[in-house]
Peer 1: 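First the structure, then my questions, so here it is.
Order of appearance sets the numbers: ligands from 1, and atoms from 1 within every ligand.
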Amino acid sequence: MLIVQKFGGTSVGTIDRIKNVARRAIATQKKGHDVVVVVSAMSGETNRLLGLAQQISSIPDERELDVIASTGEQVTVGLLALAIQAEGGKASSLLGHQVRILTDSAFARARIQDIDDKPVREALRAGKIAVVAGFQGVDKDGNITTLGRGGSDTSAVAVAAALNADVCEIYTDVDGVYTADPNVVSSARKVSRISYEEMLELASLGAKVLQIRSVEFGMKYQVPIHVRSSFNDNEGTWVVPEEKSMEAVVVSGVTATRDEAKVTLSNVIDKPGIQAQVLRPLAQAGIVVDVIVQAHIQNGRTNLTFTLPGSDLARARDILAKTCADLCPPEEIKAEQNLSKVSVVGVGMRSHAGVALKMFEILAADNIHIHLISTSEIKISCVIEAKYAELAVRSLHDGFGLGQA
Ligand code: ADP
Ligand code: ASP
Ligand code: MG
């Protein structure tokens with residue numbers, strides 16, 4: 001088999017752990033498999049590097065930021081290749097531009113466009129373990145790019161897809177994908193199998209165990225993803241196409257995002273095109289808006305509300321004050337911060353009634369005020385005050401009966 005193994009920051013956080021990763025990769029190779037290892041920076045390193053840049057500029061040039069942030073992974077691939085050699089194995093490190101992980105030029109959030117499989121295949125043919133730097137790529141002009149926080153997951157699944165690997169193993173600091181973040185909900189249960197669709201929702205709604213784009217790649221190229229612990233040999237969670245039995249479970253996970261903000265434009269003249277006028281300049285500035293709600297009021301006026309990342313709020317307010325002056329006066333543009341979006345996810349809710357009702361009852365029992373609601377076929381999200389997020393996640397987890405029996 002061809003196996004891609006990805007190790008996250010905690011799993012390569014010390015020299016001992018890197019040696020441990022080396023032994024695991026060699027053991028896999030000794031079973032007769034071809035092994036590609038993708039690694040993150042040592043835990044805390046990416047934050048440290050970004051912090052250094054912040055000390056020089058509060059809004060650093062993103063091209064330079066990627067030059068800096070990508071070095072964390074350069075160190076770990078070198079260390080791991082050395083560790084494999086020290087254990088008697090053969091290994092070569094490969095940086096993003098050496099594999100040639102070609103991305104677009106959206107620094108700090110680049111998307112992978114193409115992966116050349118030749119350098120990795122050459123290393124494998126020479127009997128080596130190929131050690132690939134996660135998180136980084138290169139654009140068509142040769143600039144170093146990074147894939148966004150948590151991006152090594154995406155590097156790993158994309159490399160697995162390009163090589164047509166049999167499995168992509170994501171080694172992390174928990175035993176798999178749980179019904180809620182096990183570091184928040186102590187009764188959370190590990191799930192043995194989860195569909196790509198559910199995982200996509202969980203990842204986009206706050207469960208950082210997999211970066212959302214890694215799940216997109218897995219789904220598109222049908223790469224089986226096995227999320228498991230780097231500290232033991234337990235079977236983890238398989239992310240796979242949906243299976244019939246999954247429908248029996250109404251809610252398979254509860255999750256929350258932090259740091260959401262909400263913007264409301266009140267008393268806007270209700271005419272065709274206003275929504276585009278409001279959102280276009282935000283999109284041009286790369287600001288991602290989410291839950292969008294419009295409520296018609298009276299006399300041809302409407303209220304338009306949407307959420308965005310709290311870190312983008314100041315920029316968004318500046319932009320809206322300039323671009324929406326003809327729609328509503330600045331005092332009618334109101335913002336709220338410190339919000340969180342809690343969500344329940346499950347393919348089973350397609351065929352079960354009363355799931356939203358139950359969610360609202362559970363939040364009401366905790367006296368939690370709901371600001372906004374949004375649903376898709378397989379998820380229900382409520383925007384609430386961030387200080388109640390953990391309480392809400394625990395109550396929903398209990399209320400939907402997800403805890404250990
Ligand atoms: P790595 O450094 O290995 O990439 P991350 O910190 O990015 O690890 O992701 C693992 C973390 O994801 C866990 O420690 C856990 O706190 C968090 N997490 C959030 N939601 C979930 C979930 N539903 N299942 C498992 N882990 C989760
Ligand atoms: N080192 C990067 C980060 O901290 C990528 C990753 O860990 O996946 O975001
Ligand atoms: Mg991660």
Peer 1: So for Glu45, does at least one of its heavy atoms come nearer than 4.0 angstrom to any atom of ligand 2?
Peer 2: no

Peer 1: Side chain, backbone, both or neither: which part of Ser40 has a heavy atom under 4.0 Å from ligand 2?
Peer 2: side chain

Peer 1: Under 4.0 Å from a heavy atom of Glu73: which atoms of ligand 2 are those, numbered in the order shown and with their elements?
Peer 2: 1 (N), 2 (C), 5 (C)

Peer 1: Please check whether Gly148 reaches ligand 2 - meaning an N/O of the residue sits under 3.5 Å from an N/O of the ligand, judged on distance alone.
Peer 2: no

Peer 1: Is atom CG of Asn234 surrounded by more than 12 heavy atoms (other residues, nucleotides or ligands) closer than 6.0 Å?
Peer 2: yes

Peer 1: So is Gly72 in contact with ligand 2, going by heavy-atom distances below 4.0 Å?
Peer 2: no

Peer 1: Side-chain atoms of residues 121-128: list all donor-acceptor pairs with protein atoms under 3.5 Å, sequence neighbours left out, distances to 0.1 Å.
Peer 2:
from: Arg121; atom 1: NE; to: Asp117; atom 2: OD2; distance (Å): 3.0
from: Arg121; atom 1: NH2; to: Leu163; atom 2: O; distance (Å): 3.1
from: Lys128; atom 1: NZ; to: Ser92; atom 2: OG; distance (Å): 3.1

Peer 1: Just to confirm my output: which protein heavy-atom neighbour is closest to atom 3 (C) of ligand 2, and how far is it?
Peer 2: Arg149 NE, 3.4 Å

Peer 1: Using the ring of Phe306 (Phe, Tyr or Trp, six-membered ring only), decide whether Lys262 places NZ or CZ under 6.0 Å from its centre and within 45 degrees of its axis.
Peer 2: no

Peer 1: For Glu87, is there an ion pair with Arg23 - N to carboxylate O distance below 4.0 angstrom?
Peer 2: yes

Peer 1: Just going by heavy-atom distances, which of Ser152, Ser155, Ala41 is nearest to atom 6 (C) of ligand 2?
Peer 2: Ser152

Peer 1: Which pairs of N or O atoms, one from ligand 1 and one from the protein, are separated by less than 3.5 Å, and what is the distance for each pair?
Peer 2:
from: ligand 1; atom 1: 2 (O); to: Gly9; atom 2: N; distance (Å): 3.1
from: ligand 1; atom 1: 3 (O); to: Thr172; atom 2: OG1; distance (Å): 2.7
from: ligand 1; atom 1: 4 (O); to: Lys6; atom 2: NZ; distance (Å): 3.1
from: ligand 1; atom 1: 6 (O); to: Lys208; atom 2: NZ; distance (Å): 3.1
from: ligand 1; atom 1: 8 (O); to: Thr172; atom 2: OG1; distance (Å): 3.1
from: ligand 1; atom 1: 14 (O); to: Asp173; atom 2: OD1; distance (Å): 2.9
from: ligand 1; atom 1: 14 (O); to: Asp173; atom 2: OD2; distance (Å): 3.4
from: ligand 1; atom 1: 14 (O); to: Asn183; atom 2: ND2; distance (Å): 3.2
from: ligand 1; atom 1: 16 (O); to: Asp181; atom 2: OD1; distance (Å): 2.8
from: ligand 1; atom 1: 16 (O); to: Asp181; atom 2: OD2; distance (Å): 3.3
from: ligand 1; atom 1: 16 (O); to: Asn183; atom 2: ND2; distance (Å): 2.7
from: ligand 1; atom 1: 23 (N); to: Tyr178; atom 2: O; distance (Å): 3.0
from: ligand 1; atom 1: 24 (N); to: Tyr178; atom 2: N; distance (Å): 2.9

Peer 1: Numbering the atoms of ligand 2 from 1, which are under 4.0 Å from a heavy atom of Gly150?
Peer 2: 3 (C), 5 (C), 6 (C), 8 (O), 9 (O)

Peer 1: Classify the contact between Gln211 and ligand 2 as side chain, backbone, both or neither, using a heavy-atom distance cut-off of under 4.0 Å.
Peer 2: neither

Peer 1: Between Lys6 and Asp153, is there a side-chain N and carboxylate O pair less than 4.0 Å apart?
Peer 2: yes

Peer 1: Looking only at distance, does Lys6 have an N or O less than 3.5 Å from an N or O of ligand 2?
Peer 2: no

Peer 1: Parallel, tilted or perpendicular, judged at 30° and 60°: which one describes the rings of Phe217 and Tyr221?
Peer 2: parallel

Peer 1: Is ligand 2 less than 4.0 angstrom away from at least one heavy atom of Gly8?
Peer 2: no

Peer 1: Go through the side-chain N and O atoms of Glu198 and Ser252 and say whether any donor and acceptor fall under 3.5 Å apart.
Peer 2: yes

Peer 1: If the threshold is 4.0 Å, N to carboxylate O, is there a salt bridge linking Glu243 and Arg193?
Peer 2: yes

Peer 1: Please determine if Arg315 and Asp312 form a salt bridge, counting it only when a charged side-chain N lies under 4.0 Å from a carboxylate O.
Peer 2: yes

Peer 1: In a table with atom names and distances, give each donor-acceptor pair under 3.5 Å that connects a side chain of residues 380-393 to protein atoms at least two apart or in another chain.
Peer 2:
from: Ser381; atom 1: OG; to: Ser343; atom 2: OG; distance (Å): 2.8

Peer 1: Kindly list each side-chain donor-acceptor pair under 3.5 angstrom involving residues 273-282, sequence neighbours excluded, with atom names and distances?
Peer 2:
from: Gln275; atom 1: NE2; to: Gln294; atom 2: OE1; distance (Å): 2.6
from: Gln277; atom 1: NE2; to: Thr323; atom 2: O; distance (Å): 3.3
from: Gln277; atom 1: NE2; to: Asp326; atom 2: OD1; distance (Å): 2.9
from: Gln277; atom 1: NE2; to: Asp326; atom 2: OD2; distance (Å): 3.4

